[in-house]
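The structure under discussion appears below in the form of structure tokens.
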Amino acid sequence: MSDPFLGLMMLLLIVVVIMMGFPTAFTLMGLGMLFGFYAFYNPAEHWIDNRVFDLMVQRTYGAMTNDVLISIPLFVLMGYVMERGALVDKMFYSIQLSFRRVPASLAVATLIVCTFWGIASGLVGAVVVLMGVIAMSPMLRAGYDVKLASGVITAGGTLGILIPPSVMIIVYAAVAGQSVVKLYAATMFPGFFLAFLYLAYILTWAAINPKVAPALPEEQTRVPVASWMRSLQAAYSQNMMLGLLRALTSPSKAMAFETAEGRLTYWTLLKNFCAALVPFSLTAFTLLLVWWYVVIHPQASSEAEAPEGLEQLGAPAADAGAAMVNGPATSFYVSFVLVAAIAAAALSRYYYNMGAERLQVIKLLVSSVMPLAVLTIVVLAVILFGITTATESAAVGAAGAFLLAFQARTLNWKRTKEAVFLTAKTTAMVCWLFVGSALFSAVFAILGGQALIEEWVLALEVTPVQFMMLSQAIIFILGWPLEWTEIIIIFVPIFLPMLRHFDIDPILWGVLVFVNLQAAFLSPPVAMSAYYLKGVSPPHVTLNQIFAGMMPYMLIVILCMVIMYVWPGMALWLPNYLYG
């Protein structure tokens with residue numbers, strides 16, 4: 001048997017052995033050592049001088065000194081602190097009240113919480129289990145179809161590995177030698193677009209067949225409004241925004257209102273008025289940030305890069321004129337004005353109809369969703385705008401997670417120890433996977449397996465698009481028996497050297513892999529999301545019902561990939577705009 005076929009045998013054995021249940025990392029190292037010993041064997045040398053032992057040491061040292069991997073334990077710690085801090089219950093309740101008039105409101109709230117919680121934690125198992133405990137029973141008690149309830153939890157729970165900050169993106173960046181920052185930027189639009197497709201599917205199904213998601217009873221959609229708010233409406237105005245403003249200017253009548261803590265105070269009025277201003281503040285801040293980054297920031301950067309009176313060494317003399325900076329295109333100004341006008345109209349209508357219930361929902365959202373949203377946005381913004389590295393932003397996220405948990409008073413010493421222990425366990429698993437993968441890939445290449453696969457693919461004479469479809473189809477099939485860690489660690493490095501030949505951007509190909517691997521969690525028989533949910537579901541919910549609920553979402557993943565094939569700019573526009 002020739003050496004290349006020994007390499008293919010390695011590839012086949014690793015799949016078989018992993019499916020038998022052996023640990024992936026140590027299986028990779030064991031097969032790498034075994035076949036590497038044969039590849040380097042020299043009868044004239046003592047067996048202990050076999051170079052496979054040197055290769056093992058070198059690959060281990062290379063994995064341990066990989067700077068990209070330093071951010072993994074910090075992001076994992078951030079996720080476990082969030083999960084152990086039990087911050088999701090109040091978030092689910094407030095979002096469910098916000099969408100109480102939308103069809104399938106419980107399913108919509110579940111998907112939104114899964115998306116935001118997945119972004120914050122990046123842990124598929126933790127998100128699916130948490131949402132299974134919190135949302136599965138309420139949806140079933142409300143008469144929701146089992147397939148709808150199980151499908152939205154399992155599909156929504158997987159979004160955390162696609163939308164940054166994600167450990168899967170960091171692992172791919174380390175394997176492919178790509179920028180974590182560019183990959184984060186590239187996955188932003190596809191991740192949220194996939195969540196939008198999930199949401200559109202839920203709303204469409206509920207609209208076509210209302211029986212799968214019956215309307216909730218009145219007691220479950222009633223917003224708890226404090227008695228002093230009703231009194232304030234009667235004394236000042238039915239519009240809470242106008243009533244609070246009048247109460248702040250003439251508070252004498254408001255000070256006589258009774259609350260659960262005693263008489264109403266001026267500070268309480270001021271806090272509620274500030275809470276009412278949150279939608280306006282967020283909209284204005286977002287528009288100002290976009291204006292600053294697109295219009296003002298490029299001009300300031302160009303002035304800083306070209307100090308007056310300095311010329312490049314060896315360059316011809318230039319006129320001492322101001323450097324011309326090309327501003328944004330006219331289409332940006334038109335789009336910006338249009339978006340600002342739509343936002344102003346929406347805010348005007350929102351505040352015109354602001355009653356006590358709407359203000360109470362805003363307060364619930366501010367106290368439950370906003371802290372987590374601010375932390376997530378800060379973590380992503382400091383990376384995407386180049387303020388910090390991925391590792392430094394991960395440290396910010398971990399520190400912020402501790403602050404949120406302490407502020408909510410849900411994180412005690414026992415839960416902190418559990419979070420740290422699980423972080424160390426997960427980090428050790430990832431590091432050993434990298435060591436095993438590095439050794440396995442090196443021996444596979446030495447035996448000629450990599451060259452044999454490349455020759456086979458090139459002999460097919462496929463076009464770049466056909467190669468992308470072929471590679472993604474193989475990864476899709478591998479997602480049935482294997483998890484994403486094994487696919488990225490073992491099989492993705494086989495395709496990476498061929499991307500240059502077909503002139504395929506590894507960023508685009510990687511994002512397609514990330515979207516593709518969503519199906520790995522949604523496709524039986526190994527669909528881990530189904531088993532996570534089954535473990536916390538009522539006994540009458542069967543595994544087949546959960547599988548049936550997941551199937552439509554797997555088709556939505558394929559639809560998202562087709563759209564990305566047709567329009568690669570969905571993944572490449574943001575990194576190209578931010579980093580060129």
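- In this structure, Thr427 contributes its side chain and Ala424 its backbone to no donor-acceptor pair below 3.5 Å.
- The aromatic rings of Tyr172 and Trp509 sit tilted, their planes meeting at an angle between 30° and 60°.
- The structure places CZ of Phe116 at 11.5 Å from CG of Leu159, a figure rounded to the nearest 0.5 Å.
- Counting non-hydrogen atoms of other residues, nucleotides and ligands closer than 6.0 Å to OH of Tyr61 gives a total of 12 or fewer.
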Stepwise side chain to side chain contact (heavy atoms under 4.5 Å, CB included) test for Ile383 and Glu392: CA-CA 9 Å; Ile383 297 177; Glu392 292 165 345; over 6 Å; no

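- Separation of atoms CE (Met354) and CG (Leu347) is listed at 9.5 Å; rounding is to 0.5 Å.
- By the 6.0 Å contact criterion, CE on Met469 is open, its count of non-hydrogen atoms from other residues, nucleotides or ligands being 12 or less.
- Between the side chains of Tyr80 and Thr426, at least one donor N or O lies within less than 3.5 Å of an accepting N or O.
- Listed here is the closest heavy atom pair of Pro164 and Met188: CG-SD, 3.4 Å.
- Other residues, nucleotides and ligands contribute over 12 non-hydrogen atoms within 6.0 Å of the OH atom of Tyr293.
- Ring geometry for Phe332 versus Phe336: interplanar angle of 30 to 60°, hence tilted.
- Annotation for Asn353: atom CG counts as buried by contact number, over 12 foreign heavy atoms lying within 6.0 Å.
- Thr391 places no side-chain N or O within 3.5 Å of a backbone atom of Ile70 that could act as its donor or acceptor partner.
- Thr154 places a side-chain N or O within donor-acceptor distance of the main-chain N or O of Gly151, the cut-off being under 3.5 Å.
- Two residues are said to be in side-chain contact when any heavy atoms from C-beta on lie closer than 4.5 Å; Leu106 and Gln96 meet this criterion.
- Here CD1 of Ile488 is found 11.5 Å from CD1 of Ile170. Values are rounded to the nearest 0.5 Å.
- At least one donor-acceptor pair under 3.5 Å links the side chain of Asn576 to the backbone N or O of Leu572.
- Note that OG1 of Thr423 is 13.0 Å distant from CZ of Phe75, once rounded to the nearest 0.5 Å.
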When you look at Tyr577 and Val294, which way does the side chain to side chain contact (heavy atoms under 4.5 Å, CB included) test go after all the steps? CA-CA 10 Å; Tyr577 179 79; Val294 176; 3.2 Å; yes

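- Between Lys182 and Ile507, the closest heavy-atom pair is CB-CD1, 4.1 Å.
- The distance from the CD1 atom of Ile487 to the CD1 atom of Ile474 is 11.5 Å, given to the nearest 0.5 Å.
- Residues Thr110 and Met131 approach most closely at CG2-CE, 4.0 Å, considering heavy atoms.
- Taking the six-membered ring where tryptophan is involved, the planes of Phe444 and Phe440 are essentially parallel, since the angle between them stays under 30° and well short of 60°.
- The ring of Phe280 has its center no closer than 6.0 angstrom to the ring center of Tyr350.
- What you find for Ile169 and Leu162 is that their closest heavy atoms are CD1-O, 3.6 Å.
- Contacts of Ser367 classified as side chain to side chain donor-acceptor pair (under 3.5 Å), with partners at least two apart in sequence or in another chain: Lys90.
- Closest approach of Ala206 and Ala104 over heavy atoms only: CB-CB, 3.8 Å.
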I'd like to know whether Met468 forms a side chain to side chain contact (heavy atoms under 4.5 Å, CB included) with Leu508, so could you lay out the CA-CA distance, the side-chain angles of the two residues, the decisive distance to 0.1 Å, and finally the verdict. CA-CA 10 Å; Met468 289 180 69; Leu508 174 62; 4.2 Å; yes

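- Nearest approach of Met570 to Phe189, heavy atoms of both residues: O-CB, 3.4 Å.
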